[in-house]
Each structure stands twice: as C-alpha cells, then as structure tokens.
S.K.: 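After the structure tokens below, expect a handful of questions from me.
Below, chains carry the letters A, B, ... as their sequence lines are ordered, and counting in each starts from 1. Keep in mind that this is a model prediction, so the values were computed, not measured.
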2 protein chains.
Amino acid sequence: MWISRKTDYATRAVLALAIADGQRLNAQDLSRRVAVPDAFMKQILMQLRDAGVVRSERGPSGGYRLNHDPADITLERIVRIFQGQLAPIECATRHEPQPCSMEIGCSLRTVWAEVRDATIAILERTDFATLAAQSGGSWVPVGLTTKPYTV
Amino acid sequence: MWISRKTDYATRAVLALAIADGQRLNAQDLSRRVAVPDAFMKQILMQLRDAGVVRSERGPSGGYRLNHDPADITLERIVRIFQGQLAPIECATRHEPQPCSMEIGCSLRTVWAEVRDATIAILERTDFATLAAQSGGSWVPVGLTTKPYTV
DNA sequence: ATAAAGGAGACTAGGTTGGTCATATATGTG
DNA sequence: CACATATATGACCAACCTAGTCTCCTTTAT
C-alpha cells in the first residue's frame, strides 16, 4: 500500500486524458471522472503541468490536455513525479543509496534491489496509450452516475 | 520507500538470529547488531514473538531465538507481519480488494496487480537460511565497532 | 463588463511513524 | 532468600505526512 491517493488520482487523471484522445478537459470535468474533490484535482493538475505532463489553457473553455503522445507517457514517469524513489527501502535506491548500519554483508539489500527492479520494469513498460486502449474508451465512476463516460 | 524502519529492523533482527544459528541472543545484543535503540528492539521482538517467529526465555541469560528453521522463514512472512498488505494500492490486494471509483474499465488495476505479484514472488522465494549464507556469517555495524560480529 | 476557467499558496485535521518511559514479572546464581 | 539480569506490557509522545480545504488572483472568450 505504498501508492498514495494523490498518485492514484494523478494516474487516473492522465488515463482520463489519454482516453479523451487529445480533447481538452477542464479540472471540474476531470475531478468528476476521477471521483476526487475538484480543489484537490486542481492541485494535482498543477503538479502534472509543472512536470510537463499536461499543458493548460486559461479562460472560459480552457482546460488541460496531454503534452505528449499517450504512448510516450509511462506509468513510471507519473509515479515518480508524486512518489520519488521507487525502491522499497532507502538503502536500495538506484542513485545515492543510503549506507545502512550493516551494509557489509547485509544480504537483504540485494532482495530489496530485486523488488525495486521488478517494479520499475513493469511501470516502465506500461504506457498510457496501452492503458487507454485496455480501458475500452469508457468507464463508470461508481456511485456518481450510472452512465459511462465515453470519449 | 514503502518498507518502514520497523520492518527493516525486524528483518535485520531475524537475519541476525539466523546468522547466530540457533544461539540465543538477548534484546540488547540484538539492538547493537541491528543498530537500533534497544527499547524499540524489544517492542519489535514482542511482535515477532506474538507472530510465532521467535521464542523468548526470561531471566538472566534469557533472550530470543528463532522458532523455526531459517530455511522455513521467508522474507514475505516477516514483511507481512509489520506491513500487512503487499499490494501497492488498495484496489489491487489479493483478498477483498477495495472497489475503486472507476473499477469498470480501469486498466491501472491490472498493472498494480502485476507489481504486487512480482513483489510477492521475490519475497516468498527468499528465506533466511539463504540470506544468512549470503551474509557470510558476519557483518560490520557501521559506526558502532570496527570488529565484525561473527557467529 | 462579466463569467468561466486556470494559478498560487497558505492553512489544517487527523493519522502514522518512530520511538521513549515506567513498571511489573520471571528466573538463574550464590 | 536476595539480587541481578532478563523479558512483558502498556501508556505516552513529538514530529512528520497525507489528503485535503480555502481564499484570493489572473487570464480570456463572449
């Protein structure tokens, strides 16, 4: 349970935008599709914009759209923006691992590194074009409406 | 970075006991080897005892030892005691996954499940006999002593 | 002008993490 | 029996993090 709600919402927002296929969606619309308070959605969209994942347009009929081809946006990218390091423990990060108090001979480190690599491999090979395709272009936000949003 | 310090300390304590190869070690001794405050080490050892991983003996020359063959103790077991679910997100736990607000068509769930399965696979195949062997029977707790503890 | 959108940032309730501390109980040794 | 050395139990706590909210400001289509 190490993916925060914020990361969860962010990945879902990006998925929503990928499904929208270049269409511009505003914060309120996205917050409804992702089922998250819209003030919080805005905060998340700011972070995604600062990271270059989405671009925004202001004024009435403004909103957000993806800044790249969904096929070029990996899940790994989004998760890193909100969670930072993907290693399960500090002594096993790829860059500047923290020396642990029993570094020498600590065989646990190797295992954590395996977990890290397996995780990164999966997240890196997952892109949002594929995810959008797998979602079939629609979903039902449970409890909000019975009518599926469609592209 | 989802392994808590407590889990980290616990796995290291179990590794220390596995390396000690059946010898009884007391809380203070273990706390020095793991490099953690001994009051905290005690708390962790209680949890390990309640979970049946170690057994304790009271009185002078008391202490803790592993309750099973190190080869029968997996890393997965220890991590679960302190962290519970291993899925990265609530909608992807093996038992009673939380329905998410966009369950239908949410292709992200599949990816999180892949991460969960990869993680569990690694932790399940890792046992403490192997870890102890890989540690070579000694380690140096950095900054505490320059003399490696040996079995 | 006005309304609808994004932008920026301060603020916060409540939970979790990473412990400490005090006190009680058990037991081997002389 | 006394005593020292262990474990046993549980209350307590500071600091940080999570998951938000709230307010006010700027941009822009009509």
S.K.: With heavy atoms of chain B within less than 4.0 Å as the criterion, where does contact along DNA chain C begin and end?
M.R.: dG18(C) to dG28(C)
S.K.: If you count heavy atoms of other groups shown closer than 6.0 angstrom to CD of E124(B), is the number above 12?
M.R.: yes
S.K.: In terms of heavy-atom contacts, does CD of Q28(A) have more than 12 from other residues, nucleotides or ligands at under 6.0 Å?
M.R.: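 Check fails, neighbour count at 12 or below.
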S.K.: If we check side chain to side chain contact (heavy atoms under 4.5 Å, CB included) with S31(A), which of these qualifies: V36(A), N26(A), L45(A)?
M.R.: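 So, applying the side chain to side chain contact (heavy atoms under 4.5 Å, CB included) to S31(A) and each of V36(A), N26(A), L45(A), only V36(A) qualifies.
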S.K.: Any side-chain to backbone donor/acceptor pair from R55(A) onto R65(A)? Under 3.5 Å, distance only.
M.R.: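 Side chain of R55(A) to backbone of R65(A), a donor-acceptor pair under 3.5 Å: no, none is there.
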S.K.: Grab the CD-P distance between E57(A) and dT30(D) for me, whole Å please.
M.R.: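 Rounding to the nearest Å, CD of E57(A) and P of dT30(D) are 13 Å apart.
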S.K.: Does Y9(A) have a side-chain nitrogen or oxygen under 4.0 Å from the phosphate oxygens OP1 or OP2 of dT18(D)?
M.R.: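 Indeed not, no polar side-chain atom of Y9(A) lies that close.
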S.K.: Strictly below 4.0 Å, heavy-atom distances to any atom of DNA chain C: list the hits from residues 41-54 of chain B, or just say none.
M.R.: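 Q43(B) - these, ordered by number, are the residues of the stretch whose heavy atoms sit under 4.0 Å from the strand.
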S.K.: In whole angstrom, what separates R24(B)'s CZ from dT5(D)'s C1'?
M.R.: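 In whole Å, dT5(D) C1' lies 12 Å from R24(B) CZ.
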S.K.: Any side-chain donor-acceptor pair under 3.5 Å between S4(A) and Q83(A)?
M.R.: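 There is such a pair (donor and acceptor under 3.5 Å, judged by atom type) between the side chains of S4(A) and Q83(A).
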S.K.: Quick one about Q85(B) and T93(B) (side-chain donor to acceptor, distance below 3.5 Å, no hydrogens or angles considered), yes or no?
M.R.: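 No, because no side-chain N or O of T93(B) sits under 3.5 Å from a partner of the opposite role on Q85(B).
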S.K.: Can you tell me the distance, in whole Å, between the CZ atom of F82(A) and the C1' atom of dA19(D)?
M.R.: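 Interatomic distance, CZ of F82(A) to C1' of dA19(D): 13 Å.
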S.K.: For G62(A), answer base if it contacts any base atom (sugar-phosphate contacts may also be present), sugar-phosphate if it contacts only those atoms, and nothing otherwise; contact means non-hydrogen atoms under 4.0 Å.
M.R.: sugar-phosphate
